[in-house]
Protein chains: 2
Amino acid sequence: MQCYRAVMADRPYHHGNLRAALLAEAERTLREDGIDRLSLRDLARQAGVSHAAPRRHFPDRQALLDALAAAGFLRLSDELRAAIEDAGDDYEAQLRAAATTYIRFATRNAALLELMFAAKRGEQSAALQDAFGRLYAAVDGMVRRAQQAGKLQRGDPDRLRLLLFATMQGIAALVTSGAVGSGQVDGLIADAVTLFTKSSG
Amino acid sequence: MQCYRAVMADRPYHHGNLRAALLAEAERTLREDGIDRLSLRDLARQAGVSHAAPRRHFPDRQALLDALAAAGFLRLSDELRAAIEDAGDDYEAQLRAAATTYIRFATRNAALLELMFAAKRGEQSAALQDAFGRLYAAVDGMVRRAQQAGKLQRGDPDRLRLLLFATMQGIAALVTSGAVGSGQVDGLIADAVTLFTKSSG
DNA sequence: ACCTGAACACCGTTCAAGT
DNA sequence: ACCTGAACACCGTTCAAGT
């Protein structure tokens, strides 16, 4: 009778990793139902825990959203690093791989990406800023190497990196908002790469 | 006694333009407090009307958000057209003016722009799609003229227009999310214009 | 340390009923 | 046509209390 809440438990709820379970469930809900249907009480219910229990791990709803966003930044930056590494030594191939990975992440995690780039109403947590920094660093490293090799368009290097970042994010926004069909994505990426790489000739 | 709800009424509530009053108040709330604090009940309260009254004009909360987004698209496209017209005959100046206007709109209406480009969960209303079309047409016209005059980079014209749109939206996203400081905006726009215009020489 | 249970002040949405 | 008032099923957040 006191084991009621362990009905569907092979997962070790109630001891240890409630925080991780909440985050995992939250990400699933975010992907499948959208941010509007994401409620702390529902997450607690699905974790078999009282509605006040999440408060130990996330002081309020925004804290959970911030944690989701931070995890998103880390995962996207890891995927970008891997894609760039797999692309070999050709800078244009690296650029194309990075852009493709970024847009694919955007289409598969539309609500999460939106959350990651939500207008910050107040100050963002340090963890969230760090996570964004990881993403920026992933893009930055690639672009910096390409610039040093003289493969990119001229212009202020820092701004050019930001601009490339902005272009990827912009394409992602158009795709997830439905303004651009998935069939146009590859062409858009190709044009963007052409635009940024030095067409020396 | 039956005039209770007209306490602060010089506005003609309760007769005629509740819809417009709700939209105006909603946009103010969106700008000042963010989308999370935007509630139909609160809007009704501020309009001096029962909480069920808005239902006549907006079937649900999403309908009101869609109407806000549509109005945003129309206003932004109007501002873009005006800025382009004021910029004269030089295509690069037009491009710079359009980008500046777009980013300024983004910084002043961050929450609204986010709403405008929110990932569509289902189908979007026809009115919303039309409004987006107006925005796209505003950008499109300018770019098309520049392309015909041979002032832009080569590449598939349709995709180049989308790419330019994406770049503006991407810069806007980085600015409103706080990833790019307002001091870097002008430089970013300048670099973007340089990138897109044909540096023939 | 981590969680419960009740309570408070809100929501969106629905629906019969009023004018 | 447009609006009211009560009702329903939810929220997030707080807090004393339990183990």
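In what follows, chains are A, B, ... by sequence order, proteins preceding strands, each numbered from 1. Values below: all heavy atoms of this structure, side chains included; hydrogens, waters and symmetry mates excluded.
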A/R108: side-chain contact (heavy atoms from CB on, under 4.5 Å) partners, not counting sequence neighbours: A/R104
Pairs where residues 159-182 of chain A contributes a residue and the test ring pair (Phe, Tyr, Trp, His ring centres under 6.0 Å) is met, not counting sequence neighbours: A/F132-A/F165, A/Y136-A/F165
Please name all residues satisfying side-chain hydrogen bond (donor to acceptor under 3.5 Å, both in side chains) with A/D130, sequence neighbours left out, ordered by chain then number. none
Can you name the side-chain hydrogen bond (donor to acceptor under 3.5 Å, both in side chains) partners of A/R159, sequence neighbours left out? B/D191
Contiguous pairing runs of three or more, Watson-Crick or G-U under 3.5 Å, that involve DNA chain D: C:4-8 with D:12-16, C:12-16 with D:4-8
Those residues at least two apart in sequence (or on a different chain) that pass side-chain hydrogen bond (donor to acceptor under 3.5 Å, both in side chains) with B/D158 are B/R161
Going by side-chain hydrogen bond (donor to acceptor under 3.5 Å, both in side chains), name the residues that satisfy it together with B/R96, two or more places apart in sequence or in a different chain. B/E92
Not counting sequence neighbours, list each pair that qualifies as a salt bridge (charged side-chain N to carboxylate O under 4.0 Å, His left out) and has a residue in residues 78-89 of chain B. B/D78-B/R134
Please encode protein proximity along nucleotides 7-19 of chain D as a string of B, S and -, counting only heavy-atom distances under 4.0 Å. B---SBBBB----
